[in-house]
2 protein chains.
Amino acid sequence: MSLEDDIKQDKFQSEQHKAAINIMFTSSWLHGINASYLKKFDITPEQFNVLRILRGSHPKKLMLSEVASRMIDKSSNCTRLVEKLRQKALVQREICKDNRRQVDISITDKGLTLLKKLDAEASLMKGIMDKLSKTDAKELNRMLDKLREDN
Amino acid sequence: MSLEDDIKQDKFQSEQHKAAINIMFTSSWLHGINASYLKKFDITPEQFNVLRILRGSHPKKLMLSEVASRMIDKSSNCTRLVEKLRQKALVQREICKDNRRQVDISITDKGLTLLKKLDAEASLMKGIMDKLSKTDAKELNRMLDKLREDN
DNA sequence: TCTAAATACTTGTATATACAACTATTGATT
DNA sequence: AATCAATAGTTGTATATACAAGTATTTAGA
């Protein structure tokens, strides 16, 4: 479905303007697909992202601000996100002995087991994204990176 | 700044996978720029979007669900969004006489005046998006539309 | 005409973002 | 050692999304 149909608009000021809307619309669309898949496992895309970050460093712990800096979405909410994962016993929190300001987070076995079950999520995304060739995807990445230059 | 630096990740499973993350990251980045600009005018990007939709149809009123269907972001929240604009006297709500289930929304003069002041927002976005040539933007739109095909 | 279904919108709850103000701890300066 | 600034997190408030359940009104069918 074209963007014009999706948001019932038939003209944009320019291709560039349309592209801005298209990026945001497609992002929201991707997020929605992800969310609805992950919901069956009682987890949100944001929580899923944190779990993957922690698996990436496992068995090394990460301090909260390290988790935050690796998050895709803005990370002001990191404390509360991690707290929700802790309540589900998917991660562990502990005050760092060397620096008691610091909170170290690690993924639990239960968290690792859950992630294993969620490998299908990767396939789902792959199914969508592989509509683009590797060359196209590279081009897309180039353009998006270019937009974020400077500023 | 490259995506790798932005989210402190140095490898992705594929260019396609990276593109998915890049779309969501760039969307969030665009939203943030917009939000911080609009904040000075005590309005959010979502509310701004609704105002522009209403200016587009002005002086014709739109029923709530028509507004919703034109929104970029998901529209389950339309009632509350419009209510916030109404509290600021930027839009007007009235029950439709012919069909009392229906709520007709229109932009007020105050809303139109505010939008005029916000034309600079368009320039701000233009400044960012014009880093892409028209050809590039067209290509970007083609790729994003392709991702959303079917599914 | 009475009832059931469809339509249009509203409201409640859980989750998330943004931002600002706050606490606690550590490091640095005098 | 005492103080001040920097660092690391936490918490409160406003806004937004998603979803589900709710109300009110209209339409369609028996």
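Note on naming: letters A, B, ... go to the chains in the order of the sequence lines (proteins, then strands), and numbering restarts at 1 for each one.
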Atom CZ of Arg86(A) to atom P of dT10(D): distance rounded to whole Å? 11 Å

Atom NZ of Lys39(B) and atom P of dT15(D) are separated, to the nearest Å, by 10 Å

Which of dA8(D), dT17(C), dA16(D) is nearest the side chain of Lys84(B)? It is dA16(D)

To the nearest Å, how far apart are Asn34(A) CG and dT17(D) C1'? 15 Å

Of Met71(A) and Asn99(A), the one whose closest nucleotide on DNA chain C sits nearer the 5' end is Met71(A)

Nearest-nucleotide comparison on DNA chain D, the residue closer to the 5′ end among Ser36(A) and Thr79(A): Thr79(A)

Here's a test of your reading of the structure: between Lys97(A) and Val103(B), which maps to the more 5' nucleotide of DNA chain C? Val103(B)

Closest to the 5' end of DNA chain D, once His31(A) and Met63(A) are matched to their nearest nucleotides, is Met63(A)

Donor/acceptor link under 3.5 angstrom from Arg93(A) side chain onto base of dG9(D): no

If I take atom CG in residue Asp98(A) and atom P in nucleotide dG27(C), what distance separates them, rounded to the nearest angstrom? 10 Å

Candidates dA16(D), dT25(C), dT17(C) - which lies nearest the side chain of Arg101(A): dT25(C)

Nearest-Å distance, CG (Asp42(B)) to P (dC19(C))? 14 Å

Looking only at the side chain of Gln102(B) (C-beta and beyond, no hydrogens), which of the listed nucleotides dT10(D), dA8(C), dT17(C) gets closest? dA8(C)

For Gln47(B), the option from Lys88(B), Lys84(B), Arg52(B) that meets side chain to side chain donor-acceptor pair (under 3.5 Å): Lys88(B)

Strictly below 4.0 Å: does Ser28(A) bring a side-chain N or O up to OP1 or OP2 of dT17(D)? no

Rounded to the nearest angstrom, tell me the gap between atom NZ in Lys88(B) and atom P in dT15(D). 7 Å

Whole angstrom is fine here: how far is it from CZ in Phe25(B) over to P in dT17(C)? 13 Å

Confirm from the modelled atom types if Arg100(B) and dT25(D) form a donor-acceptor pair under 3.5 Å, side chain to base only. no

With distance as the sole test, does Lys131(B) use its side chain to make a donor-acceptor pair with the main-chain N or O of Leu147(A) at under 3.5 Å? yes

Distance col, row Asp136(B):CG vs Glu15(A):CD, nearest 0.5 angstrom, shows 11.0 Å

Arg93(A) side chain near Glu83(A) side chain, heavy-atom distance below 4.5 Å: yes

If you take atom types as modelled and just measure distance, does the side chain of Arg80(B) reach the base of dG12(C) with a donor-acceptor pair under 3.5 Å? yes

Nearest-Å distance for atom pair CD/P, residues Glu46(B) and dA16(C): 17 Å

Would you say a side-chain N or O of Asn77(B) is under 4.0 Å from OP1 or OP2 of dT17(D)? yes

Quick check on the hydrophobic clustering: are Leu85(A) and Met63(A) connected, directly or via other members, by side-chain heavy-atom contacts under 4.5 Å? no

